[in-house]
Asks: 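Handing you a structure now.
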Amino acid sequence: MTAELVVGDQLELVTGAAAAGGACVARAPDGRVVFVRHTLPGEHVLARVTSATTSFLRADAVQVLSASVDRVEPPCPYAGPGRCGGCDWQHVALGRQRELKAGLVAEQLRRIAKVERAVVVEQVPGAPDGLGWRTRVTFAVSPDGRPGLRRHRSHDLQPVERCLIAAPGVQHVGAERLRWYAAASVEVASTADGSQRVVDVLRGGRGRPRVPAVDAGVVVDGRPQAVPHGLRHAVLGRHFEVAAGGFWQVHVGAATALAQAVIGALEPQPGEAVVDLYAGVGLFAALLAEAVGETGSVLAVEADGRACADAARNTADLPQVRIRTAEVEPGLLHRLASPGPEGQPPPDLIVLDPPRAGAGPAVTAALAALRPRRIAYVSCEPASFARDAKVLLDAGWTMPIMRAFDLYPMTEHVELVAVFEPPASG
């Protein structure tokens, strides 16, 4: 009889396929599935159990007994068992990382959406070695003012001297090497070219956070302390202002790559009506408004009031754009099926970029009922994307385009852009 495995036990394993979450799947002697981090498919490893349930185990590979040809020395000294949890695959050759991501996307499409599709994960300009791409990094701060990054599945902090995936503009601030007394967290953000930088500090305890001297704008608990108070990003000839703490794609080349993918796939025509759901600060809304011209229209829907304020500024020169602060829900979409009191025509095109949870079946079904000429769906989560795609595909829609982008090198995450077209009339 096999003794029950508990946290801290070690066992030899041969790993199988990569799984969502950055681990590889193996099988323990007692039959339970083991999700093993810091390994690659086909490796023989000695693994230490880090958590246990009745149905599965989690473990870290602490010694590689037989290595994959795709294993490399992690460039970051803080990557590895028990250390920083920000990067899943520092030990994996960059090309193999993209192959593994492609396999994960294909598996989710096959399992959830019942679609067989070859997937290629595309490199995005700006990080040829997989480092220096992240334009926004959040550091947690310990009670003694020391910043750090969270360890995997833990609230414990890993102090770092330098985060290698941080973009040059973020590294320029050097927040990792400073003290941030009375702060809970410090978010450092920069533009892709590093010309603007801003530090967003949240209070952590009693008293006012003591902000060290930094070559960046400073915002403390939402109150501007030093300029700039936000960032001004350039994409395809337009500028977009984003307040400190606001959402913007983190990869230095992400906004341009996604904008080109969406506009190229939708092929907007002058005079068309567009709806941009989960519109954020108006990236897609502004660029699509330029494409449809003053005879067209764009309705941008976003629940976050601060993002809507940024979107209004970013589209102020485009009278064909309307910003609506609202949750994306089926009732709102049903009201778009016919011209509303403000003259918004039924949409010819829809773009949506929902959070990780996806749009959800009810919203997706409402989108299908609108029957626009095309829908562009941008997703950072293959599982929720596959679930929503199934709703459209089951309703007779087709998916002629699906692209995957490596916006998160050294991690298992990937970004998708897909286009759906409605079934033929009748």
Side-chain angles (χ1 to χ4, degrees), residues 1-68 70-71 74 78-92 96-97 100-114 138 140 148-158 354-358 360-361 379-388 390 408 410-414:
M1 182 174 178
T2 303
E4 182 179 356
L5 292 164
V6 296
V7 173
D9 283 350
Q10 293 190 355
L11 61 164
E12 285 190 33
L13 299 168
V14 176
T15 54
C24 289
V25 178
R27 186 72 65 174
D30 62 6
R32 279 183 289 180
V33 169
V34 189
F35 297 100
V36 191
R37 283 176 59 82
H38 311 293
T39 187
L40 275 149
E43 289 190 324
H44 182 197
V45 300
L46 182 65
R48 181 172 56 238
V49 176
T50 57
S51 68
T53 72
T54 56
S55 56
F56 67 88
L57 305 169
R58 298 185 189 277
D60 285 346
V62 294
Q63 183 179 352
V64 180
L65 305 175
S66 177
S68 165
D70 297 307
R71 176 173 284 274
Y78 307 106
R83 309 208 76 185
C84 176
C87 292
D88 309 298
W89 288 343
Q90 290 256 352
H91 62 284
V92 184
R96 182 60 172 148
Q97 290 183 28
L100 292 174
K101 295 181 193 193
L104 290 172
V105 175
E107 193 274 334
Q108 297 285 22
L109 290 173
R110 183 183 309 114
R111 182 175 61 86
I112 299 173
K114 312 304 179 187
T138 300
L149 298 170
R150 299 288 186 192
R151 295 188 170 118
H152 182 63
R153 299 180 64 83
S154 170
H155 292 293
D156 294 340
L157 294 189
Q158 171 66 60
R356 295 190 66 83
S379 172
C380 64
E381 175 48 63
S384 60
F385 167 79
R387 180 204 61 205
D388 292 343
K390 188 175 189 301
Y408 313 96
M410 303 296 172
T411 81
E412 55 103 12
H413 299 292
V414 64

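We're numbering straight along the sequence, starting at 1.
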Asks: Without swapping roles, check the side chain of E43 against the backbone of V45 for a donor-acceptor pair under 3.5 Å.
Replies: no
Asks: Measuring from R111:CZ to R387:CZ, what's the distance to the nearest 0.5 Å?
Replies: 12.0 Å
Asks: Please report the shortest heavy-atom distance between P361 and D388, naming the atom on each side.
Replies: N-OD1, 4.0 Å
Asks: Look at K101 together with E412 and state whether they make a salt bridge at an N to O cut-off of under 4.0 Å.
Replies: no
Asks: To check you understand the geometry: which heavy-atom pair defines the closest contact between Y78 and Q158, and what is its length?
Replies: CD2-NE2, 3.7 Å
Asks: Between R27 (side chain) and G31 (backbone), is there a donor-acceptor pair under 3.5 Å?
Replies: yes
Asks: Between D156 and R150, is there a side-chain N and carboxylate O pair less than 4.0 Å apart?
Replies: no
Asks: Specify the closest pair of heavy atoms between V33 and V25, including all atoms of both residues, with the distance to one decimal.
Replies: CG1-CG1, 3.9 Å
Asks: For the side chain of H152 and the backbone of G82, is there at least one donor-acceptor N/O pair under 3.5 Å apart?
Replies: no
Asks: Could you pull out the closest heavy-atom pair between V7 and S51, with the gap in Å?
Replies: CG2-CA, 3.7 Å
Asks: If you take all heavy atoms of W89 and T411, which pair is closest and at what distance?
Replies: CE3-O, 3.6 Å
Asks: Kindly give the heavy-atom pair with the smallest separation between A357 and S384, and that separation in Å.
Replies: O-CB, 3.5 Å
Asks: Quick one: pull up CG in L149 and OG1 in T138 and give me the separation to the nearest 0.5 Å.
Replies: 9.0 Å
